[in-house]
There are 2 protein chains.
Amino acid sequence: MTEEGTRALSRRTIPRPDAADAELARLARALAHPARVRVLRLLARRDGCIGCDIVADLALAQSTVSEHLRILKAAGLIEGEVDGPRVCYRLRREGLARLKALAAAL
Amino acid sequence: MTEEGTRALSRRTIPRPDAADAELARLARALAHPARVRVLRLLARRDGCIGCDIVADLALAQSTVSEHLRILKAAGLIEGEVDGPRVCYRLRREGLARLKALAAAL
DNA sequence: TTCGGTCATCGTCGAATGGCGATATATCTT
DNA sequence: AAGATATATCGCCATTCGACGATGACCGAA
């Protein structure tokens, strides 16, 4: 990837402007679907939620929900802990905080 | 705003949850491209900016930039005032505030 | 009026998104 | 072992996105 890890001072406060733009755009893209926003809200209420319960909440096919969860996970907004045959999804507060910080800095 | 006290959140501050999800998703979608984030930042620095200057800043074709501006305008995040043969684009603080509020409420 | 500059729109293209059912994989239960 | 449950992945399809050049529309200046 990038060589940007060497400067500890520019850790996550102010990278290059282009990098911040790309990061905010990437996080915003993860939010850019009502189903995914709803998942985040759901996980915010009951912290920790099994996948099949999310499928039940959204009125979408299981495969579709799985794809939305994959996108949220790839964006670092949620995480999934395997628990037997199921997966317990939780919010990643850091990722969400990062998103809020970038949005608030606009 | 309302004077209903801190508990009366289910009345007017939150419309329907689905509506808020859709609204946040719609605004996030407008942010979901680095060029559009960059435009917002540009307009935040120098409030009021001619279209051709935005074209010069982004390294994109004029038609592409125009499309990005159209998306931002449709989302209510910017506005354009016609000034002779050019258009002066500005941030819409209300729209931006709405986005920040919805994101912060996550 | 004609010219130059600014911006929006149109048509087109390739790539990505969002949806689904079907299938594969993994785990628990019996 | 067999069945049930939960999740991820695959293939497919329709739609949208992002980019561009070309064209059209508009205004101010020459």
Side-chain angles (χ1 to χ4, degrees), chain A residues 18 21-43 46 48-92, chain B residues 18 21-43 46 48-92:
Chain A
D18 297 1
D21 293 352
E23 188 184 6
L24 177 51
R26 190 180 57 84
L27 288 168
R29 168 151 300 186
L31 274 193
H33 195 288
R36 294 198 285 271
V37 175
R38 181 169 182 132
V39 167
L40 290 185
R41 266 192 234 285
L42 184 63
L43 294 182
R46 20 206 293 231
C49 196
I50 318 197
C52 65
D53 288 347
I54 303 178
V55 172
D57 186 78
L58 311 178
L60 291 171
Q62 181 266 329
S63 58
T64 303
V65 174
S66 179
E67 176 69 4
H68 284 308
L69 292 170
R70 188 191 63 80
I71 291 172
L72 287 171
K73 188 156 50 175
L77 292 175
I78 68 173
E79 61 191 354
E81 183 195 1
V82 176
D83 174 30
R86 42 197 120 185
V87 177
C88 181
Y89 289 98
R90 289 195 198 83
L91 276 187
R92 276 199 72 242
Chain B
D18 297 1
D21 292 353
E23 188 184 5
L24 177 51
R26 190 180 57 84
L27 288 168
R29 170 153 305 212
L31 273 194
H33 195 288
R36 294 196 287 269
V37 175
R38 180 167 183 132
V39 167
L40 291 185
R41 266 192 234 287
L42 184 62
L43 294 183
R46 22 210 286 235
C49 196
I50 316 266
C52 66
D53 288 348
I54 303 179
V55 172
D57 186 78
L58 312 178
L60 291 171
Q62 182 267 329
S63 58
T64 304
V65 175
S66 179
E67 176 69 5
H68 284 307
L69 292 170
R70 189 191 62 81
I71 291 172
L72 287 171
K73 188 157 46 175
L77 293 174
I78 69 174
E79 61 190 354
E81 183 196 0
V82 176
D83 173 31
R86 39 197 124 184
V87 178
C88 181
Y89 289 98
R90 291 195 195 82
L91 275 188
R92 276 199 72 242

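Throughout, a chain's letter reflects where its sequence line sits, starting with A, and its residues are numbered from 1.
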Would you mind telling me which residue lines up with the more 5' stretch of DNA chain D, A:Pro85 or A:Ser63, judged by nearest nucleotide?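 The residue closer to the strand's 5' end, by nearest nucleotide, is A:Pro85.
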Distance in angstrom units between [X] [atom1] and [N] [atom2], rounded:
X: A:Leu58; N: C:dC20; atom1: CG; atom2: C1'; value: 15 Å
X: A:Ile71; N: C:dG18; atom1: CD1; atom2: C1'; value: 8 Å
X: A:Arg38; N: C:dG18; atom1: CZ; atom2: P; value: 17 Å
X: B:Glu67; N: C:dT6; atom1: CD; atom2: P; value: 21 Å
X: A:Arg26; N: C:dA16; atom1: CZ; atom2: P; value: 17 Å
X: A:Glu81; N: C:dT27; atom1: CD; atom2: C1'; value: 15 Å
X: B:Ile54; N: C:dC7; atom1: CD1; atom2: P; value: 8 Å
X: A:His68; N: D:dT7; atom1: NE2; atom2: P; value: 16 Å

Could you please name the option among [options] that lies closest to any side-chain atom of [X]?
X: B:Ala61; options: C:dC7, D:dA8, D:dG21; value: D:dG21
X: A:Leu60; options: C:dT6, D:dT7, C:dG19; value: C:dG19
X: A:Arg70; options: D:dA8, C:dT6, D:dT9; value: D:dT9

So with a 6.0 Å cut-off around CZ of B:Arg86, is the heavy-atom count from everything else above 12? no
Atom CG in B:Asp83, atom CD1 in B:Ile50: separation rounded to 0.5 Å?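 Nearest 0.5 Å value for the CG-CD1 distance: 6.0 Å.
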Under 3.5 Å: donor-acceptor pair, side chain of B:Arg92, backbone of B:Gly76: yes
Base, sugar-phosphate, or nothing for A:Leu69, non-hydrogen atoms under 4.0 angstrom? nothing
Counting just side-chain N and O atoms, does [X] come under 4.0 Å of either OP1 or OP2 of [N]?
X: A:Arg36; N: C:dG18; value: yes
X: B:Arg29; N: C:dG18; value: yes
X: A:Tyr89; N: D:dA6; value: no
X: B:His33; N: D:dA19; value: yes
X: A:Arg86; N: C:dT25; value: no
X: B:Thr64; N: D:dA19; value: no

Nearest-nucleotide wise, let me know which of A:Gln62 and B:Ile50 is further upstream toward the 5' end of DNA chain C.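 Closest to the 5' end, via its nearest nucleotide, is B:Ile50.
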Are any non-hydrogen side-chain atoms of A:Leu77 and A:Leu27 less than 4.5 angstrom apart?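 They are in contact (side-chain heavy atoms under 4.5 Å apart), so the answer is yes.
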Taking all non-hydrogen atoms of both residues into account, name the closest pair between A:Arg29 and A:Arg36 and its distance. O-NH2, 3.3 Å
